[in-house]
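Data first, discussion second: the structure below is written as structure tokens.
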Amino acid sequence: MNLDFSFLADHWQSYASAAWITLQLSFFGVLLGTILGIGFALMRLSGIWVVRFLATAYIELVRGTPMLVQIFIIHYGLTQFGLDFAPFQSGIIALTINSAAYMAEVFRAGIMAIDKGQTEAARSLGLSKGMAMRYIVLPQAFRNMLPAIGNEFIIIIKDSSLVSVIGIAEIMYTARTLQGNLFLPLEPLLVAAGVYFILTFTLSKLLGALERKLRNQ
Amino acid sequence: MIKVQGLRKSFGKLDILKGIDTEIRQGEVVVVIGPSGSGKSTFLRCLNFLEVPTAGEIVFEGQKIVNKQSELNAIRQKMGMVFQHFNLFPHMSVMENLTLGPRKLKNMSKDKAEATAVDLLRSVGLEDKRNAYPDSLSGGQKQRIAIARALAMQPDVMLFDEPTSALDPEMVGEVLDVMKKLAQNGMTMVIVTHEMGFAREVGDRLLFMDGGNIVEEGVPREVLQNPQHPRTQDFLSKVL
């Protein structure tokens, strides 16, 4: 077997800009997903059943349908309703609604794992429900959830490869294009895998460092 | 100061409190004793609505407590509570534990809140622990910090829910000493406890609870030495 990576001499910039786009997609997906996810988690813990139901329905629907189908629906299907997103926008929306659903469950579990006495102590001082959540429960929950959040970051980076199907020039799309243009079946994909691995491995090391820092505090 | 009328609390089909009537007067130290499951902790937790009563009413300083969040938050600022398991905030230093309430709820400046906190830490003998985190403290120290945290809100009444039950025996004394000092300074206190000696020495009035009712009440020394009700006699014969 002969592997020929000489194409990289001419095409490494394509991978670099593709990696940058993957990073942007993942960054916004995770950031917006985390914010929405906290919202859905709080909704699931609400005392009002309609609110709880809406959040549960959202989470089940998003988790229970393939992201590839969601991507096509968002990008092509919604044009029926006059919603015509640019590919990059569709990509971020798809990644966001998915990470929100999974993050919501991570946050819910994290919040529920905090001893009830913490909330009671906060409430007994006169803090409102929201303040108790913000100052007492969430900071503690966040520390415990860091490994799970890191996991979700990594999943999002990898899942972002799916949005190549709507023509976003991220890593996977770039690899597929080079495959076709250069008649190289394997090498561009191996490079893509390598770039993804560098991104996820770096992130996992950074999160590990952050976790250690928080533990030592 | 706190008037309790016809207080009932049920969890599903289980009736924990079956109609409690009593009054806590200004400056009074009321000790609540009774077997486990008698409803004494639930009674205490109903006073600041950590448990919402099923029926009956609590009137605090002339104001009927209703289950409305904004009013409850204001009322709870005046009712300090100390828990069996301390419930200190582990992600905050001792100083932050003490200043959180005053700063967020009374808009006190950081300097002023910390000055008050230092005074309180001195009064519970833990001035040197201001920068420590709860994990590094002993049980007795944690509970003294928890008392100081509640006092930082300058409450009118302090509720204690078995404050020494989770402590190693050698640490019970230091916590009771702090509570005794508090009582001597005129703080109104309601204390659920198993410490009969403390109840006798510090309590102005003792409530004996059993099966969701106040079965007997009176001056602690008298009730403990000469219980009238058979349930009280039975309980005291087991614990004394």
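Small disclaimer: the values here were computed from a predicted structure and weren't measured. The figures that follow rest on heavy atoms only: side chains count, while hydrogens, waters and symmetry mates do not. The sequence lines fix the lettering, A, B, ..., with proteins before strands; numbering per chain opens at 1.
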Query raised in the report: In terms of heavy-atom pairs under 4.5 Å, which option from Pro90(B), Ser70(B), Ala150(B) contacts chain A the most?
Result: Pro90(B)

Query raised in the report: So does Phe201(A) have more than 12 non-hydrogen atoms from other groups sitting under 6.0 Å from CZ?
Result: no

Report task. Compare all side-chain heavy atoms of Leu125(A) with those of Gln77(B) and state whether any distance is below 4.5 angstrom. Result -> no

Report summary line: If one checks every heavy atom of Phe89(B) against chain A at 4.5 Å, the contacting part turns out to be both

Query - Neighbour count >12 (heavy atoms, 6.0 Å) for atom CD, Gln80(A) - result: no

Query raised in the report: Heavy-atom count around Tyr173(A) OH within 6.0 Å, excluding the residue itself: above 12?
Result: no

Query raised in the report: Does a donor on one side chain and an acceptor on the other come within less than 3.5 Å for Asn48(B) and Arg123(A)?
Result: no

Query raised in the report: Which is it for Leu105(B) and Met131(A) under the side chain to side chain contact (heavy atoms under 4.5 Å, CB included) test, yes or no, and what are the steps along the way?
Result: CA-CA 10 Å; Leu105(B) 298 168; Met131(A) 288 170 116; 4.0 Å; yes

Query raised in the report: Does Lys112(B) NZ have over 12 foreign heavy atoms under 6.0 Å away?
Result: no

Requested in this report: Pick one of side chain, backbone, both or neither for Leu88(B), based on which atoms fall under 4.5 Å of a heavy atom in chain A.
Outcome: backbone

Query raised in the report: Does some side-chain heavy atom of Met81(B) sit less than 4.5 Å from a side-chain heavy atom of Glu120(A)?
Result: no

Query raised in the report: CD1 of Ile48(A): more than 12 outside heavy atoms within 6.0 angstrom?
Result: no

Requested in this report: Look at the side chain of Asn87(B) and the backbone N and O of Gly117(A), then say whether any donor-acceptor pair between them is shorter than 3.5 Å.
Outcome: yes

Requested in this report: With rounding to the nearest 0.5 Å, note down the distance linking CZ in Arg134(A) to NZ in Lys104(B).
Outcome: 6.5 Å

**Report entry** Flag if over 12 foreign heavy atoms under 6.0 Å of OH, Tyr58(A)
**Finding:** yes

**Report entry** More than 12 heavy atoms of other groups within 6.0 Å of Phe81(A) CZ
**Finding:** no

Requested in this report: Give the intermediate values and the outcome of side chain to side chain contact (heavy atoms under 4.5 Å, CB included) for residues Met92(B) and Ile136(A).
Outcome: CA-CA 9 Å; Met92(B) 295 179 173; Ile136(A) 305 303; 3.8 Å; yes

Report task. Return yes when atom CZ of Phe53(A) has more than 12 non-hydrogen atoms of other residues, nucleotides or ligands closer than 6.0 Å, and no otherwise. Result -> no

Report summary line: Honestly, the part of Arg45(B) sitting under 4.5 Å from a heavy atom of chain A is side chain

Query raised in the report: In terms of heavy-atom proximity below 4.5 Å to chain A, should Met153(B) be classed as side chain, backbone, both, or neither?
Result: side chain

Query raised in the report: For the atom pair CD (Gln69(B)) and OG (Ser128(A)), what is the distance rounded to the nearest 0.5 Å?
Result: 8.5 Å

Report task. Measure the CZ-NE2 distance between Phe142(A) and His91(B) for me, rounded to the nearest 0.5 Å. Result -> 13.0 Å

